[in-house]
Amino acid sequence: MHIATNGRFKTALHRAVVNRTRHRVSMAYFYGTPQEVKISPPMKLVDVDHPLLYQPVTWKEYLDAKGKYFNRALEFIKCEALFIADRCRQL
(Lines give C-alpha, C1' and ligand atoms only; values in the text may rest on other atoms or scores of the structure.)
Protein backbone atom coordinates (compact mmCIF):
# COMPACT_ATOMS: atom_id res chain seq x y z
CA MET A 1 0.00 0.00 0.00
CA HIS A 2 2.93 2.31 0.71
CA ILE A 3 4.22 2.08 -2.89
CA ALA A 4 0.74 2.23 -4.45
CA THR A 5 -0.05 5.50 -2.62
CA ASN A 6 3.41 7.05 -3.20
CA GLY A 7 3.99 7.09 0.55
CA ARG A 8 0.73 8.80 1.52
CA PHE A 9 -0.42 5.72 3.45
CA LYS A 10 2.44 4.49 5.58
CA THR A 11 3.19 0.82 6.00
CA ALA A 12 2.82 -0.32 9.59
CA LEU A 13 4.52 -3.33 11.08
CA HIS A 14 1.77 -5.87 11.76
CA ARG A 15 1.41 -6.52 15.46
CA ALA A 16 -1.49 -8.37 16.97
CA VAL A 17 -2.54 -7.14 20.39
CA VAL A 18 -4.79 -9.36 22.43
CA ASN A 19 -7.72 -7.56 23.96
CA ARG A 20 -10.07 -9.59 26.13
CA THR A 21 -12.91 -7.06 25.85
CA ARG A 22 -13.01 -6.55 22.05
CA HIS A 23 -12.42 -8.77 19.05
CA ARG A 24 -9.52 -8.03 16.71
CA VAL A 25 -10.23 -7.57 13.02
CA SER A 26 -7.55 -8.12 10.38
CA MET A 27 -7.82 -7.31 6.70
CA ALA A 28 -5.60 -8.60 3.89
CA TYR A 29 -5.06 -6.48 0.80
CA PHE A 30 -3.23 -7.41 -2.37
CA TYR A 31 -3.89 -11.03 -1.44
CA GLY A 32 -3.11 -13.41 -4.28
CA THR A 33 -1.80 -10.72 -6.63
CA PRO A 34 -0.28 -12.23 -9.81
CA GLN A 35 3.51 -12.03 -9.66
CA GLU A 36 3.89 -10.07 -12.90
CA VAL A 37 1.62 -7.20 -11.80
CA LYS A 38 3.50 -3.88 -11.49
CA ILE A 39 2.98 -1.91 -8.29
CA SER A 40 3.18 1.86 -8.65
CA PRO A 41 1.07 4.85 -7.69
CA PRO A 42 -1.46 6.37 -10.09
CA MET A 43 0.17 9.29 -11.90
CA LYS A 44 -2.36 11.71 -10.33
CA LEU A 45 -0.53 11.11 -7.00
CA VAL A 46 2.80 12.17 -8.55
CA ASP A 47 3.56 15.82 -9.23
CA VAL A 48 6.21 18.48 -8.58
CA ASP A 49 5.32 18.64 -4.88
CA HIS A 50 5.01 14.84 -4.57
CA PRO A 51 7.76 13.22 -6.68
CA LEU A 52 7.75 9.48 -7.31
CA LEU A 53 9.25 7.92 -4.17
CA TYR A 54 9.57 4.30 -5.29
CA GLN A 55 10.39 2.70 -8.58
CA PRO A 56 7.58 0.60 -10.07
CA VAL A 57 8.22 -3.05 -9.18
CA THR A 58 6.43 -6.27 -9.89
CA TRP A 59 4.73 -8.08 -7.05
CA LYS A 60 7.45 -10.77 -7.32
CA GLU A 61 10.24 -8.17 -7.06
CA TYR A 62 8.57 -6.67 -4.00
CA LEU A 63 8.11 -10.08 -2.35
CA ASP A 64 11.76 -10.94 -3.09
CA ALA A 65 12.90 -7.66 -1.49
CA LYS A 66 10.58 -8.26 1.48
CA GLY A 67 11.97 -11.77 1.92
CA LYS A 68 15.56 -10.56 1.74
CA TYR A 69 15.34 -7.25 3.64
CA PHE A 70 12.08 -7.73 5.64
CA ASN A 71 11.14 -4.37 7.23
CA ARG A 72 13.82 -2.53 5.23
CA ALA A 73 12.45 -3.63 1.83
CA LEU A 74 11.02 -0.19 0.99
CA GLU A 75 14.46 1.37 1.51
CA PHE A 76 15.82 -0.77 -1.32
CA ILE A 77 12.94 0.11 -3.65
CA LYS A 78 13.27 3.87 -3.09
CA CYS A 79 14.37 5.78 -6.16
CA GLU A 80 17.30 7.43 -4.39
CA ALA A 81 18.55 4.20 -2.83
CA LEU A 82 18.84 2.54 -6.23
CA PHE A 83 20.60 5.49 -7.88
CA ILE A 84 17.82 5.74 -10.44
CA ALA A 85 16.26 9.01 -9.34
CA ASP A 86 16.40 10.29 -12.91
CA ARG A 87 14.55 7.20 -14.14
CA CYS A 88 11.92 7.59 -11.45
CA ARG A 89 11.37 11.23 -12.36
CA GLN A 90 10.88 10.24 -16.01
CA LEU A 91 8.19 7.65 -15.24
Side-chain angles (χ1 to χ4, degrees):
M1 191 58 88
H2 200 104
I3 297 169
T5 63
N6 201 36
R8 292 183 186 195
F9 291 135
K10 306 295 184 206
T11 300
L13 181 60
H14 177 74
R15 295 182 183 160
V17 177
V18 178
N19 184 331
R20 295 188 188 274
T21 59
R22 295 175 27 184
H23 293 292
R24 179 175 62 94
V25 176
S26 293
M27 182 178 75
Y29 56 91
F30 296 126
Y31 181 78
T33 304
Q35 290 194 3
E36 67 279 357
V37 168
K38 279 269 192 201
I39 303 169
S40 65
M43 293 318 297
K44 63 171 35 174
L45 294 180
V46 179
D47 58 28
V48 175
D49 295 324
H50 302 94
L52 187 64
L53 298 177
Y54 303 95
Q55 69 168 329
V57 292
T58 64
W59 184 242
K60 181 183 181 333
E61 291 168 335
Y62 174 75
L63 291 178
D64 289 346
K66 189 75 170 163
K68 186 172 183 178
Y69 304 112
F70 192 57
N71 288 337
R72 297 182 58 216
L74 288 173
E75 293 176 37
F76 293 93
I77 297 171
K78 273 192 170 185
C79 291
E80 298 82 23
L82 296 172
F83 303 104
I84 59 166
D86 289 332
R87 179 177 161 219
C88 287
R89 284 189 202 100
Q90 294 171 8
L91 296 173

#### Entry: Worked verdict on Q55 versus I77 for side-chain contact (heavy atoms from CB on, under 4.5 Å)
CA-CA 6 Å; Q55 69 168 329; I77 297 171; 4.1 Å; yes
### Message
Determine whether D64 and K68 satisfy the following criterion, salt bridge (Lys or Arg N to Asp or Glu O under 4.0 Å), listing intermediate values before the conclusion.
### Response
CA-CA 6 Å; D64 289 346; K68 186 172 183 178; over 6 Å; no
### Task
Hey, could you give me the NZ/CG distance between K44 and N6, rounded to the nearest 0.5 Å?
14.0 Å
### Query
Looking at CD of E61 and NZ of K38, how far apart are the two atoms once the value is rounded to the nearest 0.5 Å?
5.0 Å
### Shared hydrophobic cluster for V57 and L63 (ILVMFWY, side-chain gaps under 4.5 Å)
yes
### Message
Can you confirm whether P51 sits close enough to V46 that some side-chain heavy atom of one is under 4.5 Å from a side-chain heavy atom of the other?
### Response
no
#### Entry: For P41 against L52, the heavy-atom pair lying closest together
CG-CD1, 3.5 Å
### Task
Mind checking side chain to side chain contact (heavy atoms under 4.5 Å, CB included) for D47 and listing every partner two or more places apart, or none if nothing turns up?
D49, H50
### Query
Do K60 and Y62 meet the cation-pi criteria used here (NZ or CZ under 6.0 Å from the six-membered ring centre, within 45° of the axis)?
no
### Minimum side-chain heavy-atom gap Y54-H2 below 4.5 Å
yes
### Summary
ring-ring contact (aromatic ring centres under 6.0 Å, His included) filter on F9, not counting sequence neighbours, yields none
### Message
For a 4.5 angstrom cut-off between non-hydrogen side-chain atoms, does I39 reach T58?
### Response
no
### Query
Salt-bridged, E75 to K78, with N to O below 4.0 Å?
no
#### Entry: Interatomic spacing from OG in S40 to CG in L45 - rounded to 0.5 Å
10.0 Å
